[in-house]
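Please read the structure below before turning to the comments.
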There are 2 protein chains.
Amino acid sequence: MPTTPEQASARHAAPQRVTARRGRTRRRLLDAALEVFAETGFGRSTVEQICERAGYTRGAFYSNFVSLDELFLAMWEERSARMLDDLRAALADVPSAPPREAVQAALAAIPVEDAWYRVSAEFTAHALRNPSLRDVVVAREQAIQDTVLPVVVAALERAGRRVADPAALGHALVAVHDGTAVQVLLEPDAAAVHERRAALFLNVLDAYSTPAPPDRPPTAPPTSPS
Amino acid sequence: MPTTPEQASARHAAPQRVTARRGRTRRRLLDAALEVFAETGFGRSTVEQICERAGYTRGAFYSNFVSLDELFLAMWEERSARMLDDLRAALADVPSAPPREAVQAALAAIPVEDAWYRVSAEFTAHALRNPSLRDVVVAREQAIQDTVLPVVVAALERAGRRVADPAALGHALVAVHDGTAVQVLLEPDAAAVHERRAALFLNVLDAYSTPAPPDRPPTAPPTSPS
DNA sequence: TGCATCGGATACGTTCATGTATCGAAAGCC
DNA sequence: GGCTTTCGATACATGAACGTATCCGATGCA
C-alpha cells in the first residue's frame with residue numbers, strides 16, 4: 001500500500017490545507033526524476049540535479065520528499081501504474097484481431113522506452129536488496145498478470161484455443177517481455193529483433209494453449225494459428 | 001576487445017617488470033568489487049568501500065585502475081567470461097540425456113546467483129547509456145549464443161528434432177533465461193517458479209524445432225519428446 | 001646480499017552533496 | 001483586500017569522497 005500523499009511531506013505537523021501548486025511541483029519533480037535517473041543512474045543522481053531539471057531548488061525537494069529513496073519509489077509506482085493503464089487500453093483496442101495481428105498491435109502500442117527500462121531495471125535490482133521493495137515489485141507483477149491474462153485468455157478462446165495453466169502463461173509472458181525488451185534496446189535498429197520478439201510471443205501463446213473442443217464449431221480458420 | 005592488463009595501470013610510463021603481488025591485489029579488488037556493487041549498487045559504491053573490503057587503502061586502487069568505471073567494466077568482463085566457461089562445462093556434462101532432464105540439469109548447473117544478477121542488471125542499464133559499453137554487451141551476448149547454440153542444436157538433433165532458425169532460438173533462449181532469472185530471484189522460495197522456468201525452456205526448445213525426417217529411423221521413443 | 005624498481009600507504013587539499021534552519025513570497029479564506 | 005497559512009528559496013554548517021603527490025616497505029634481479 002503506497003504512502004499517503006500527506007504523510008510524506010510532514011514538516012512539523014501535517015499541513016491543514018494543501019495548495020494547488022504543491023501538486024504541480026510534486027509532479028514536476030517526479031517527471032524530472034525519471035529523466036535524471038535514466039540519464040545518470042539512480043545511484044549517481046543527486047537531489048540538486050533533479051531540482052534543477054524541474055526548475056526548483058533543493059528546498060522544494062525536501063518539502064515534498066524525505067529522501068531520494070522515497071522519490072525513487074514514488075516515481076516508480078506512478079510510472080508503472082501508468083504503464084499498466086496504457087497496457088490495459090492497448091489491449092482493449094485490439095480485441096478481435098487474429099493472434100498474429102493482435103500481438104503486433106499490442107507490442108506496437110507498448111513501445112519499449114529505454115528511459116523507463118533503464119530506470120526499472122535499476123529499481124528491480126535495488127528492490128532485490130530491500131525486502132519491502134521486493135514485495136512491492138512482486139505485487140506489481142501480479143497486478144500486471146491480473147490485467148493481461150483475462151484479455152489474453154479470452155482472445156485465445158475466440159481463436160479456438162484453451163489455456164490450461166493461466167498462471168504459467170502469465171509468468172511466461174512477463175519473462176518473455178522483459179527478456180526481449182533488453183534485446184530490443186541493445187540493438188534498436190535491427191528489425192529482426194522486433195520480428196523475433198513478436199514470433200516468440202506467438203510461440204508462447206501457442207505452447208501454453210491447446211485446441212479447444214469446439215462447443216459450437218468455430219468458423220474454420222483459413223490458416224492455422226501457429 | 002578488452003583492454004590489455006598493462007595499459008590499465010599506467011602511472012607515468014608502463015612499468016618494466018610486474019611483480020606477483022600486483023596480480024593478487026588486482027584480483028582481490030575485483031572480487032571485492034562484485035560484493036560491494038551487489039550490496040550497495042554500483043552508483044552508490046565508493047572506492048574506499050571496495051578497498052576496505054579487499055584489505056587495502058585507496059592507494060592500491062588508484063595504482064591499479066583509473067576510475068570506478070574501469071573497475072566495473074573489468075569486473076564484469078571477468079565474471080561474465082567465467083560464467084560462460086561454467087556454462088560450457090555444464091553443457092558438456094549433460095550431453096546425452098533426454099530434453100527434460102538435460103534442461104533441468106543445465107539449469108541446476110547454472111544457478112541464478114543474485115549478487116551477480118544485481119550487478120549485471122545494473123551493468124546492462126549502464127551500458128545502454130554508453131555506446132562503447134553497449135557494444136561490449138552485445139558482443140558478449142553473441143558469444144553466449146555461439147557457445148550455447150551448437151550444443152543445444154546437437155542435443156535436439158539427437159532427440160530427432162531439427163532447428164530451422166538457430167539465431168531465433170538463440171535469442172529466445174537468452175531472453176527466457178534473463179526474464180525468468182528475475183522471477184526466480186524475486187520469489188526465491190517458490191518451487192513453482194523453478195518448475196515454470198524449466199517448462200518454459202522446454203516449450204521454447206519445442207517451438208523452435210520440428211520433427212526431423214529420420215535419415216536412419218531412430219529408436220522409437222517410448223514417450224513423445226514434448 | 002645488495003640494489004634498483006615497483007606498488008601500496010599516507011597525507012594532503014579540494015570539490016561536492018547533504019540536511020537543516022530561517023526567511024519571504026504566493027495562495028487560500030473570510 | 002487584509003490576514004493567516006503554506007511552500008519553496010536562501011544561507012549555512014558538516015561530512016564524505018575524490019584525486020594527487022609523496023614516501024617507504026616489499027620484491028625481484030644479479
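We name chains A, B, ... by the order of the sequence lines, and we start the count at 1 in each one. Predicted model only: the values in this text are computed from it and were never measured.
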Report, as yes or no, whether the 6.0 Å neighbourhood of atom CD on B:E101 holds more than 12 heavy atoms from other residues, nucleotides or ligands.
->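 Check passes, neighbour count above 12.
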Considering residues, nucleotides and ligands other than A:Q145, do more than 12 of their heavy atoms fall under 6.0 Å from its CD?
->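 Above 12, so yes.
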Hey, which of these two, A:R58 or B:T25, hits DNA chain C nearer its 5' end, going by closest nucleotide?
->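 Taking each residue's closest nucleotide, the earlier one in sequence belongs to B:T25.
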Do the two ring centres, one from A:F123 and one from A:F72, sit under 6.0 Å apart?
->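 For A:F123 and A:F72, the ring centres are under 6.0 Å apart.
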Round to the nearest Å and state the distance from [X] atom [atom1] to [N] atom [atom2].
X	N	atom1	atom2	result
A:R26	D:dT6	CZ	C1'	16 Å
B:L71	D:dC18	CG	P	12 Å
B:E52	C:dA9	CD	C1'	15 Å
B:F61	D:dT20	CZ	P	12 Å
A:I50	D:dG8	CD1	P	16 Å
A:D69	C:dT18	CG	P	12 Å
B:R28	C:dG7	CZ	P	15 Å
A:F65	C:dA17	CZ	P	20 Å

Under 3.5 Å, is there a donor-acceptor pair between the side chain of A:T40 and the main chain of A:F37?
->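 Here the side-chain-to-backbone pair does not exist.
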Is there a donor and acceptor pair closer than 3.5 Å between the side chain of A:R22 and the base of D:dG8?
->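 No, the side chain and the base share no sub-3.5 Å donor-acceptor pair.
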Measure from the side-chain heavy atoms of [X] and tell me the nearest of [options].
X	options	result
A:R21	C:dG7, D:dT6, D:dC18	D:dT6
B:R24	D:dG19, C:dT18, D:dT27	D:dT27
B:S63	C:dA27, C:dT18, C:dG7	C:dG7
A:V18	D:dC7, D:dG25, D:dT6	D:dC7
B:R17	C:dA4, C:dT18, D:dA9	C:dA4
B:A60	D:dT27, C:dA9, D:dG8	C:dA9
A:T57	C:dG8, D:dA9, C:dT18	D:dA9

Does the side chain of B:Y62 get closer than 4.0 angstrom to OP1 or OP2 of D:dG19 through an N or O atom?
->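 Answer is yes, contact under 4.0 Å.
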For C:dG7, take OP1 and OP2 only and decide whether either is under 4.0 Å from a side-chain N or O of B:N64.
->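 For B:N64, the contact criterion (side-chain N or O under 4.0 Å from OP1 or OP2 of C:dG7) is not met.
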4.5 Å side-chain heavy-atom contact, A:L87 and A:L91 |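 A side-chain contact exists here, since the closest heavy-atom pair is under 4.5 Å.
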Which sits closer to the 5' end of DNA chain D, B:T19 or A:R44, going by the nucleotide each is nearest to?
->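 Between the two, 5'-proximity favours A:R44.
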